[in-house]
Protein chains: 4
Amino acid sequence: MARGINKVILVGNLGNDPETKYTQGGMAITSVSLATTTVRKGRDGGEATEKTEWHRVKFFGKLGEIAGEYLRKGSQVYVEGRISYDEFTGQDGVKKFFTDIIADEMQMLGGRGEGGGGGGARAERSGGGDRPARQAPPQRQDAGAPRRESAAPASRDFGDDFADDDIPF
Amino acid sequence: MARGINKVILVGNLGNDPETKYTQGGMAITSVSLATTTVRKGRDGGEATEKTEWHRVKFFGKLGEIAGEYLRKGSQVYVEGRISYDEFTGQDGVKKFFTDIIADEMQMLGGRGEGGGGGGARAERSGGGDRPARQAPPQRQDAGAPRRESAAPASRDFGDDFADDDIPF
Amino acid sequence: MARGINKVILVGNLGNDPETKYTQGGMAITSVSLATTTVRKGRDGGEATEKTEWHRVKFFGKLGEIAGEYLRKGSQVYVEGRISYDEFTGQDGVKKFFTDIIADEMQMLGGRGEGGGGGGARAERSGGGDRPARQAPPQRQDAGAPRRESAAPASRDFGDDFADDDIPF
Amino acid sequence: MARGINKVILVGNLGNDPETKYTQGGMAITSVSLATTTVRKGRDGGEATEKTEWHRVKFFGKLGEIAGEYLRKGSQVYVEGRISYDEFTGQDGVKKFFTDIIADEMQMLGGRGEGGGGGGARAERSGGGDRPARQAPPQRQDAGAPRRESAAPASRDFGDDFADDDIPF
DNA sequence: TTTT
DNA sequence: TTTT
């Protein structure tokens, strides 16, 4: 029986345009880099300091399509999801660790047509049936932009032939 | 100006007894491994599957003392905090990435004297003044138990001579 | 287009056994009184004080069945949901206001066979299809126990013949 | 010993300008009406419906000053806090119930000079010492604008002579 | 490594 | 009305 709660709530801005890929089955997987800048009170009366964390957020299925379509670099967004830790062993035999936020819910903030997005989209991950009829099948997902900081290794880069069943979470 | 929310809420069980260390200034830093097992609905009507995530949770100051004193292997606990990503370059020149949950609040669950703890402690991170009068100054923090998966490298192992100012978050 | 987040997270204990009713369509609606006792730091260095809030939590559909079956007076539980405010005008013409927590997710805490329940049930509100085949159709829901503080007026008391369509949220 | 978690997270828009009052001790209390519009999936394949909830949110101390200064009608805001239920007996002997969200944290969303505010303020409730040196002591807080929906009765209207110690939460 |  |  399951035991536990693993919940993440983020409000931040995208550092780049989202990247959307599709599984063999046609399910969208959209990844974004989300910055959350928060203030920490100084210790011992010291001054407050800022710290920015960059989260790798992944949206699946219908939510992935919406995120890919409406989010843009700079977009402010509310994300709710869970933390997923994964490890991969590279071809050099070195283990690598990745932390992703798997989004269940997303809402654009700020409204009033910021960026190309348009304001106020809200979406929840479809409860099941995440398999659209391969709408807008991607011709060639070249990724192009190099992954940022703590980026996924090639071996993890979901390719065009990626099968749904391989998804490790 | 700060922008963003970075909030984590966990309910899970400790995989091991907590480990407490102290900074030079006498501030407690307690680390625990927290398992959250959650259920994912299967895609395409497939059966539900469980996934367990192991979180590295850190408690500082007064909260660190309480966590070190009351939590035990197996304890069920509610934790609220934020995600902190750090990278370190090992002596071999290889970069390593770490994800920690920095706890702001903790509450023991279940009660009725589970483990040595006793039930129902609740604590929030002291807003300031995290510097107890070096109560129970650690003679020798040997750590003993090897760090787990994605464990901190030696260079990050807070030693007895660790200074508060070096804390990277 | 929807705008907004309305999220509640509670950890507390039931003050009474749950009450389950069924709509005409056979959907379970389980209500519980959940106490959350939290500490407030005193102002001006005053001592900390406790405050207990009693939440009216409602579980619908499959989640309502699980809550009705496994929760008991005294059970410790994690609840996630949203706040719902409603007003009703009594037959005396007086308006009355009610605040409910509509649960999306519930998890029993503490485990190890507390109460009649058994430990560690976890459930999410079924995404759709909240209409079981009238399993265990209630013979006679007498309610018995008088509703507590800020309790629902007779006109709101879901009777056996209550229709799903009347649910005001 | 305290037991329980009582946490609320809201993202919504203000229905009116905030109202700020001050206690005898000079502590600011700012109240806002916050609308959260969320979508509910239809039962039985029915279409989705929206529901808007209006939350009474209260900010105290330094956070109350910031909220009063920067928030405006229409502002989009993130609020974190807890639910507080109170009852008052009016002079007519009728009991009235109120539900407030007591904010611990607030962050303006959307940024870029929406309203008079300016973008991106973030604030947490000061851990203690909520007693500014009576900055901008209110000459006469006339309230003026009638309280909205499920509004507070006169007996609860914090007047100029209101003492901190009377605060019921 | 926990828990059910 | 719970719990510690």
Side-chain angles (χ1 to χ4, degrees), chain A residues 1-6 85, chain B residues 10-19 31-39 48-57 70-79 107-115 117-123 144-151, chain C residues 10-19 31-39 48-57 70-79 107-115 117-123 144-151, chain D residues 1-6 85:
Chain A
M1 178 59 73
R3 304 263 313 195
I5 298 295
N6 173 357
Y85 307 100
Chain B
L10 305 174
V11 174
N13 297 277
L14 269 69
N16 277 310
D17 283 350
E19 295 174 23
S31 303
V32 308
S33 264
L34 189 68
T36 58
T37 301
T38 50
V39 181
T49 54
E50 290 196 351
K51 185 161 186 237
T52 296
E53 303 292 352
W54 286 96
H55 310 266
R56 288 169 31 112
V57 182
Y70 292 104
L71 298 184
R72 287 294 170 268
K73 179 176 178 172
S75 296
Q76 190 182 30
V77 68
Y78 169 97
V79 167
Q107 180 166 344
M108 293 183 65
L109 302 173
R112 291 169 193 184
E114 209 160 320
R122 182 182 191 276
R147 287 299 186 95
R148 354 159 273 94
E149 155 238 40
S150 75
Chain C
L10 305 174
V11 174
N13 297 276
L14 269 70
N16 276 311
D17 283 349
E19 296 174 23
S31 303
V32 308
S33 265
L34 189 67
T36 58
T37 301
T38 50
V39 180
T49 54
E50 291 197 349
K51 183 157 188 240
T52 297
E53 302 292 351
W54 286 96
H55 309 267
R56 287 170 30 113
V57 182
Y70 291 104
L71 299 183
R72 287 293 170 268
K73 178 175 177 172
S75 296
Q76 190 182 30
V77 68
Y78 169 96
V79 167
Q107 180 165 344
M108 293 183 66
L109 303 172
R112 291 170 194 183
E114 208 160 322
R122 183 185 189 273
R147 288 300 186 94
R148 359 157 268 96
E149 156 238 42
S150 74
Chain D
M1 178 59 73
R3 302 265 311 198
I5 298 295
N6 173 356
Y85 307 101

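In the text below, chain A, chain B and the rest are named by the order of the sequence lines, each starting its count at 1. Nothing here was measured: the structure is a model prediction, and the numbers come from that model.
- Protein atom CD of C:E50 is 12 Å distant from nucleotide atom C1' of F:dT2, rounded to whole Å.
- Atom C1' of nucleotide E:dT3 and atom CD1 of A:I5 are separated by 13 Å, given to the nearest angstrom.
- Annotation: the span from C:S75 atom OG to C:N13 atom CG amounts to 8.0 Å, rounded to 0.5 Å.
- Following rounding to the nearest Å, B:Y78 (OH) and F:dT3 (P) show an atom-to-atom distance of 21 Å.
- Of all nucleotides listed (F:dT1, F:dT4, E:dT3), F:dT4 comes nearest to the side chain of D:R3.
- The ring of B:W54 does not lie on top of the base of E:dT2; it is either too far (5.5 Å or more) or too tilted (30° or more).
- Counting only heavy atoms from C-beta outward, the side chains of C:L10 and C:E53 never approach each other to under 4.5 Å.
- To the nearest angstrom, P of F:dT2 lies 16 Å from CZ of C:R72.
- Of the candidates F:dT2, F:dT1, E:dT2, the closest approach to any side-chain atom of C:A35 belongs to F:dT2.
- F:dT2 atom P lies 18 Å from atom OH of D:Y85, rounded to whole Å.
- One can place CG of B:N13 at 16 Å from P of E:dT1, the figure rounded to the nearest angstrom.
- F:dT4 atom P lies 12 Å from atom CG of B:L109, rounded to whole Å.
- In this entry the distance linking CG of C:L14 with P of F:dT4 reads 14 Å, nearest Å.
- Using a 4.5 Å cut-off on side-chain heavy atoms (C-beta onward), C:L14 and C:L34 make contact.
- Side-chain contact check for B:K73 versus B:P18: every heavy-atom pair is 4.5 Å or farther apart.
- Using a 4.0 Å heavy-atom cutoff across all strands shown, C:T36 reaches no nucleic acid atom at all.
- Between F:dT2, E:dT1, E:dT2, one nucleotide has an atom nearer to the side chain of C:K73 than all others, and that is F:dT2.
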